[in-house]
There are 2 protein chains.
Amino acid sequence: MPAPFGPFLRRQRERLRTQRGEDFSVRQVAGRAGLEPSYLSKIERALQPPPGEAAVRALARELELDPDVLLALAGKVSSDLQKVILRRPQLFAQLIRELKNQPDHAVLRVVREVRDGDW
Amino acid sequence: MPAPFGPFLRRQRERLRTQRGEDFSVRQVAGRAGLEPSYLSKIERALQPPPGEAAVRALARELELDPDVLLALAGKVSSDLQKVILRRPQLFAQLIRELKNQPDHAVLRVVREVRDGDW
DNA sequence: ATGACTGTGTAGTAATCACTACACACCCCG
DNA sequence: CGGGGTGTGTAGTGATTACTACACAGTCAT
């Protein structure tokens, strides 16, 4: 699990390049995301660790990826989620540890229950 | 919210000192937690930011505090919780954002539901 | 063969993190 | 008055984080 982040970025960028014509060179993407091209290049080849949260979000935006997923690949938990947890640490710690070994569909059911609020 | 961490530590340490006789000087606690006394002193007075996760956990242990709560005061989310989230980022992101504005009792009900598994 | 791209290599940096090592001043007991 | 305890001030350090700046080599079209 150390670094599928970079290669994943590269694949996605090249996929978009073949689909959406051009504008998806290292330079273009880096430019729009506010990074140096060589930095992005190194990240894509995993010669540099994933960048900070802001940069990851910018890349997710440019490459049309889910920010939470890309952040996870970068080994980071979105800071807004952290804030939610930090407000009620015991509560959320308990919940998350409880859900740790539950299958996806069980977690999803909980999500829906809360969202629909029919209880 | 920048730094009630230090003062909170100090209060708890002094509380324990008056209760449990001695062994709760800066030196003793720092020693048992594996830190330099002056470092702990500075942390307690918020002249230094809270220490790393390992040290926070050690302090929680020595001062008989809930690690999750103390970590939260230090602005950190327990790394084991992060790992759980990172395995299924979309799912947990959704769940946490859904619960963000729910009152404590609603979150607690979910915890119990999952734990009792009677559904 | 020049210009405009492509990606990439080298080097350096400013900031923050997480500390340690040591010395000092004060107080109290014997 | 000295030896133990209290807390604290000063200084410095090694690692990691998160980058930037710039130059270079290859490819392709005109």
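Numbered from 1 within each chain, the chains take letters A, B, ... in sequence-line order.
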Take the protein atom [atom1] of [X] and the nucleotide atom [atom2] of [N], then report the distance between them rounded to whole Å.
| X | N | atom1 | atom2 | result |
| --- | --- | --- | --- | --- |
| Lys42(A) | dC22(D) | NZ | P | 14 Å |
| Glu14(B) | dG7(D) | CD | P | 8 Å |
| Gln48(B) | dT16(C) | CD | C1' | 12 Å |
| Leu40(A) | dA18(D) | CG | P | 16 Å |
| Leu59(A) | dA18(D) | CG | P | 14 Å |
| Leu9(B) | dG7(D) | CG | P | 14 Å |
| Leu47(A) | dT20(D) | CG | P | 17 Å |

Along DNA chain C (nearest heavy atom to each residue), the more 5'-positioned of Pro49(B) and Ser41(A):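 Closer to the 5' end of DNA chain C: Ser41(A).
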Quick check on [N]: is either OP1 or OP2 less than 4.0 Å from any side-chain nitrogen or oxygen of [X]?
| X | N | value |
| --- | --- | --- |
| Arg10(A) | dT8(C) | yes |
| Ser25(B) | dT6(D) | yes |
| Arg45(B) | dT8(D) | yes |
| Arg17(A) | dG7(C) | yes |
| Lys76(B) | dA18(C) | yes |

Glu36(B) side-chain proximity, nearest of dT8(D), dT20(C), dG7(C):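 Closest nucleotide among those given: dT20(C).
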For the side chain of Pro37(A), starting at C-beta, report the closest nucleotide among dC19(D), dT8(C), dA21(C).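 The nucleotide sitting nearest to the side chain is dT8(C).
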If you take all heavy atoms of Ala72(B) and Leu86(A), which pair is closest and at what distance?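 Shortest heavy-atom contact: CA-CD2, 3.7 Å.
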Between Glu53(B) and Ser79(B) (side chain of the first, backbone of the second, donor and acceptor by atom type, cut-off under 3.5 Å), is there such a pair?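 Side chain of Glu53(B) to backbone of Ser79(B), a donor-acceptor pair under 3.5 Å: yes, one is there.
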Should Asp80(A) and Arg97(B) count as an ion pair when the cut-off is N to O under 4.0 Å?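 Here Asp80(A) pairs with Arg97(B) in a salt bridge, since their nearest N and O are under 4.0 Å apart.
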Can you tell me whether the side chain of Arg27(A) and the base of dG7(C) have a donor-acceptor pair closer than 3.5 Å?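 Indeed, a donor on one side and an acceptor on the other fall under 3.5 Å apart.
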